[in-house]
Amino acid sequence: MKPHWLALCSPHRNAALPPHLQRLAWWALRFSPRVCRQSEAVLVELGASLRLFGGLKALHTRVQGQARADFEVQTLAWAPTRLGALALARGGLVNGITRALPPLLDRLPLRVLDAAQPHQPMLERLGCRHLGQVRALPRKALAQRFGPELLDALDQAYDPAVDAQQPQTWEVVPETFSAQIELPWRVEQAQALLAHAQPLLRQMEAWLAARQMGVLRFSLAWQHDALRPRSSGTGGGITVATAEPTRHLPHLQTLLAERLMQTPLAAPVDGLRLQADEVQALAEASNALFPELEEDRAHEPLHQLLERLGARLGAQCVREPLLRADHRPECMQHWQPCGPRPQAPVPLDDGAAYPPSAQPSWLIDPPLRLVVRQDQPQYQGPLRLLAGPQRLATGWWSSATAPEAAAARRDYYLAHSPRAGLLWIYLDRRTLYAPQWYLQGVFA
């Protein structure tokens with residue numbers, strides 16, 4: 001397998017490795033596990049990934065399009081050596097794979113090689129302004145005058161065999177995500193924090209993609225300015241939760257914006273910190289066999305709409321039903337604020353029979369006690385029993401402090417009323433000497 005290096009150069013040359021370069025390195029891990037960083041560039045070895053991504057041309061097209069669109073990478077290059085790809089990218093050349101690499105490197109200026117930059121003034125006085133001219137100098141004299149580092153760097157850039165023997169420190173994605181930035185000026189409105197938090201959100205998105213996970217809960221904390229009043233404290237923060245694991249950046253930005261609109265700041269802010277509090281493995285969606293027949297994905301998913309409404313109106317104002325493993329109709333579901341969905345309830349096996357399979361579409365809460373005349377229940381006239389009884393005896397484990405979950409001993413019947421139609425009634429058998437009839441459901 002021939003080496004195939006890709007160099008992605010950031011427009012910012014900073015020895016401290018800015019956050020967007022870290023994000024670029026995490027993004028590159030989706031193409032190969034062999035990713036490293038050097039100066040202002042991210043270097044990726046793609047030799048083992050060519051067949052996986054459809055060949056040389058398909059991989060080049062995909063990487064170039066995404067890198068320039070999502071990371072504003074303007075200079076990238078391909079070469080069989082790591083330093084060769086970096087030198088080509090700095091020199092404005094792209095293709096060092098299908099073309100011979102040494103002639104391309106020979107024409108490049110000295111600044112494209114890190115080891116040559118400290119010696120550039122002296123080499124230019126000697127008449128060497130390109131790498132080919134330096135490479136033509138006597139090797140022994142070159143090593144004695146400028147040190148072995150320059151000669152080693154030239155060998156690594158030109159010779160794939162020498163480059164393959166060099167040890168590399170590969171990029172490793174941390175187990176947890178936490179990133180912080182210092183704001184360029186003091187911010188006094190919470191809504192204005194969103195623009196400064198977007199780089200942190202993009203960095204978290206890249207981390208989630210590298211870990212193949214989605215976020216369920218993340219928090220944004222801020223630090224108050226040093227000139228704050230003593231009563232305002234050192235800082236504050238908010239926590240954002242999602243109903244399903246996701247790393248969809250626009251949706252995360254929308255949720256954060258809705259929360260910030262409702263959050264006042266006690267004092268001006270000069271620093272932000274973003275942390276992923278709870279994450280979960282996210283299954284990757286496969287490509288459609290027939291893309292032209294795939295449903296339109298432009299519409300907003302339901303769970304994202306509910307999350308956005310919950311962030312805007314409050315979690316208690318947007319609710320969803322939660323199924324429970326209970327035979328009592330009034331306990332089969334529970335309404336809770338929209339959020340992470342728990343696991344499906346485990347079916348009970350307590351020997352109780354389920355209510356009739358033909359259950360009504362509308363339950364009356366609480367059940368309506370019926371009048372009984374001559375042992376016949378009444379509701380807008382006498383009721384005629386059509387089917388039943390279906391006995392229900394369950395809930396004996398319920399706590400006495402939860403009346404809504406009391407024990408039940410009932411006989412369910414399907415009844416007909418001359419004016420109300422089909423009804424769902426039951427006979428409460430908890431009192432032996434005075435059983436009562438109740439109306440619990442209506443068939444629409």
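Quick note: numbers below take in every heavy atom, side chains included, and nothing from hydrogens, waters or symmetry partners.
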**Q** Compute the ring centroids of Trp185 and His196, then answer whether they are less than 6.0 Å apart.
**A** yes
**Q** Does Tyr426 reach the side chain of Pro367, with side-chain heavy atoms less than 4.5 Å apart?
**A** yes
**Q** Got a second to check how far Gln120's CD is from Glu124's CD, nearest 0.5 Å?
**A** 4.5 Å
**Q** Pairs of donor and acceptor atoms involving the side chains of residues 268-275, under 3.5 Å and at least two apart or interchain, shall be tabulated with distances.
**A**
unit_1: Arg273; atom_1: NE; unit_2: Ser178; atom_2: OG; d: 3.3
unit_1: Arg273; atom_1: NH1; unit_2: Gln275; atom_2: OE1; d: 3.0
unit_1: Arg273; atom_1: NH2; unit_2: Ser178; atom_2: OG; d: 3.1
unit_1: Arg273; atom_1: NH2; unit_2: Gln275; atom_2: OE1; d: 2.9
unit_1: Gln275; atom_1: NE2; unit_2: Asp277; atom_2: OD1; d: 3.3

**Q** Are Arg23 and Met204 close enough, and set up right, to give a side chain to side chain contact (heavy atoms under 4.5 Å, CB included), and what steps lead you there?
**A** CA-CA 8 Å; Arg23 184 169 64 95; Met204 184 178 68; over 6 Å; no
**Q** Side chains of Leu88 and Leu105, heavy atoms from C-beta outward: is any pair under 4.5 Å?
**A** yes
**Q** Among all residues two or more places apart in sequence or in another chain, which pass the side-chain hydrogen bond (donor to acceptor under 3.5 Å, both in side chains) test with Arg202?
**A** none
**Q** Which residues pass the ring-ring contact (aromatic ring centres under 6.0 Å, His included) test with His60, sequence neighbours left out?
**A** His4, Trp78
**Q** Rounded to the nearest 0.5 Å, what separation is found between the OG1 atom of Thr254 and the CG atom of Leu194?
**A** 9.0 Å
**Q** Would you please name every residue forming a ring-ring contact (aromatic ring centres under 6.0 Å, His included) with Trp5, sequence neighbours left out?
**A** none
**Q** If we ignore hydrogens and angles and just use 3.5 Å, is the side chain of Gln440 paired with the main-chain N or O of Trp424 as donor and acceptor?
**A** no
**Q** List the atom of Thr246, the atom of Leu208, and the distance in Å for their closest heavy-atom pair.
**A** O-CD1, 4.0 Å
**Q** Is Pro3 close to Asp163 at the side-chain level, that is, under 4.5 Å between some pair of heavy atoms?
**A** no
**Q** Any heavy-atom pair between the side chains of Thr75 and Arg90 that's under 4.5 Å?
**A** no
**Q** Would you confirm whether Gln133, through its side chain, and Arg129, through its main-chain N or O, come within 3.5 Å as a donor-acceptor pair?
**A** yes
**Q** Can you tell if the side chain of Val35 reaches within under 4.5 Å of the side chain of Glu45, non-hydrogen atoms only?
**A** no
**Q** Nearest 0.5 angstrom please: Tyr158 OH to Asp106 CG, how far?
**A** 3.5 Å
**Q** Without swapping roles, check the side chain of Ser39 against the backbone of Ala41 for a donor-acceptor pair under 3.5 Å.
**A** no
**Q** Is there a side-chain contact between Leu220 and Val240 in this structure, where contact means two heavy atoms from C-beta onward sitting under 4.5 Å apart?
**A** no
**Q** Tell me, do Arg135 and His130 make a side-chain contact under 4.5 Å, heavy atoms counted?
**A** no
**Q** To the nearest 0.5 Å, what is the distance between CG on Leu52 and CG on Leu59?
**A** 9.0 Å
**Q** Tell me every residue that passes side-chain hydrogen bond (donor to acceptor under 3.5 Å, both in side chains) with Gln191, counting only those two or more places apart in sequence or in another chain.
**A** none
**Q** Who passes ring-ring contact (aromatic ring centres under 6.0 Å, His included) against Phe31, sequence neighbours left out?
**A** Trp27, Phe53
**Q** Hey, is the main chain of Val215 close enough, under 3.5 Å, to the side chain of Thr242 for a donor-acceptor pair?
**A** yes
**Q** Distance-only, no hydrogens or angles: does the Thr81 side chain make a donor-acceptor pair with backbone N or O of Gly84 under 3.5 Å?
**A** yes
**Q** Between Arg247 (side chain only) and Met213 (backbone N and O only), is there a donor and an acceptor less than 3.5 Å apart?
**A** yes
**Q** For the residue pair Trp26 and Gln203, establish whether any side-chain heavy-atom pair is separated by less than 4.5 Å.
**A** yes
**Q** Under the criterion side chain to side chain contact (heavy atoms under 4.5 Å, CB included), which of Leu123, Leu126, Leu151 is the partner of Val134?
**A** Leu123
**Q** Main chain of Pro174, side chain of Trp207: is a donor-acceptor contact present, judged purely on distance under 3.5 Å?
**A** yes
